[in-house]
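Everything on this sheet refers to the single structure shown next.
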Amino acid sequence: MSFAGGLLSVVVASLFAFAARPNWVPVLISYAIGALLGAAFLEVLPHAIEAAESPERAAMNVLAGIMLFFVLEKLVLWRHCHDEGCHGHEHNGHDHGRSGLLILVGDTFHNFVDGVLIAAAFVESTPLGIVTALAIIAHEIPQEVGDFLILIHSGYSKTKALVFNLLSSLATLVGGILAYFALSHMQSLVPVFLALAAASMIYVAVADLIPGLHKRTELRATAQQVLLIAAGIASIVFAHPLAERAMS
């Protein structure tokens, strides 16, 4: 079920993203921003706070995660500038893979935690485990659509985006297997992984994607961006009841 949970959410999201025309991607990035922020603030962060020793500790973990992803992005920039020369700006609408790399790292942490949750549910009972896995698939799909679009926006081909998303989804299987055999030891790490996942979503949305939207200042484009961001958040809100049932 951990394998199916990770695989099915990626495949369903990829079917949608593959159907998107190339000229849609810059527009749909607004939806991806909404999905990321919705998942971070409505889904991942509340559970990180609940699982942590205190809200302050959870906040510290998120801040540390944001600093970590800032440094990681600097390292990616440094490598690009060192190897190819750098002018400090995006070229051809791409960011040389920075956003894609950061979102893959954060999504891997998130998928790992999903595997831990599925394993914990199966330890309780098989029916609860099945319901939990199905709920995780449902609430992962809109986020995976956003991740896929970000990878394409970041310069990945659709095939590479699919392959990397599938590899990231295997973290669900790893988390499930490890947690099933060592659940008592894994539980203490769950708040940290959740905080890092939330930090990656917030950082990529706010630091990498939103500034690009400001390049289009006309009223029609702004209204379109606001509506698509709201749609991304709404897709997480609609999937939220299923996720709540899985986490409870």
Side-chain angles (χ1 to χ4, degrees), residues 2-40 42-44 69 73 76 90 92-115 136-173 197-210 212-213 224-225 227-239 243:
S2 294
F3 178 73
L7 181 65
L8 285 177
S9 59
V10 170
V11 170
V12 173
S14 299
L15 289 175
F16 173 84
F18 264 101
R21 297 176 183 176
N23 59 316
W24 292 1
V25 174
V27 176
L28 291 177
I29 284 299
S30 298
Y31 168 85
I33 291 170
L36 282 178
L37 293 177
L42 301 178
E43 189 62 46
V44 182
F69 288 110
E73 185 171 28
V76 175
E90 297 179 6
N92 301 320
H94 297 156
D95 61 5
H96 312 299
R98 301 196 316 271
S99 300
L101 175 62
L102 297 179
I103 208 63
L104 281 172
V105 172
D107 199 35
T108 300
F109 285 124
H110 191 192
N111 290 335
F112 184 87
V113 173
D114 283 343
I136 284 174
I137 292 171
H139 92 268
E140 278 288 315
I141 288 173
Q143 182 197 322
E144 292 292 350
V145 171
D147 292 349
F148 199 98
L149 292 169
I150 291 167
L151 289 174
I152 295 174
H153 174 73
S154 195
Y156 293 73
S157 67
K158 289 184 177 181
T159 302
K160 283 187 176 180
L162 175 60
V163 170
F164 281 118
N165 257 343
L166 287 173
L167 290 175
S168 176
S169 74
L170 292 178
T172 307
L173 179 61
S200 75
M201 295 173 189
I202 295 168
Y203 183 85
V204 169
V206 174
D208 287 339
L209 300 182
I210 287 179
L213 300 187
Q224 183 184 62
Q225 291 166 357
L227 288 174
L228 283 170
I229 291 173
I233 295 172
S235 65
I236 299 296
V237 171
F238 290 138

Going through the checks in order, is the side-chain contact (heavy atoms from CB on, under 4.5 Å) test met by V10 and F148? CA-CA 9 Å; V10 170; F148 199 98; 5.8 Å; no

Side chains of S30 and L213: does their closest heavy-atom pair fall under 4.5 Å? yes

Would you indicate whether the side-chain heavy atoms of N165 and L104 approach each other to under 4.5 Å? yes

Answer yes or no: is there a side-chain heavy-atom contact under 4.5 Å between V105 and F69? yes

Closest non-hydrogen atom pair, A197 against V44: CB-CG1, 4.2 Å

Point-to-point distance, once rounded to the nearest 0.5 Å, from CG of L209 to OH of Y203: 11.0 Å

Please tell me if the side chains of L36 and I202 come closer than 4.5 Å, counting only heavy atoms from C-beta onward. no

At what distance, to the nearest 0.5 angstrom, does CD1 of I152 lie from OG of S157? 8.5 Å

pair I233-L42: side-chain heavy atoms closer than 4.5 Å: yes

Could you report the tightest heavy-atom contact between Y31 and S235, atom names first, then the distance? OH-OG, 3.2 Å

OG1/T172 to CG/D114 distance, rounded to the nearest 0.5 angstrom? 5.5 Å

Please step through side-chain hydrogen bond (donor to acceptor under 3.5 Å, both in side chains) for the pair S169 and N111, ending with a clear verdict. CA-CA 6 Å; S169 74; N111 290 335; 5.8 Å; no

How far does CG of L228 sit from CD1 of I33, to the nearest 0.5 angstrom? 9.5 Å

So how far is it from S168 OG to I103 CD1, rounded to the nearest 0.5 Å? 9.5 Å

For A40 versus A198, what's the shortest heavy-atom pair and its separation? CB-O, 4.1 Å

Does some side-chain heavy atom of F3 sit less than 4.5 Å from a side-chain heavy atom of L170? yes

Would you indicate whether the side-chain heavy atoms of L37 and M201 approach each other to under 4.5 Å? no

Side chain to side chain, K160 and L151, heavy atoms closer than 4.5 Å: no

Working to the nearest 0.5 angstrom, can you tell me the gap between S200 OG and L102 CG? 8.0 Å

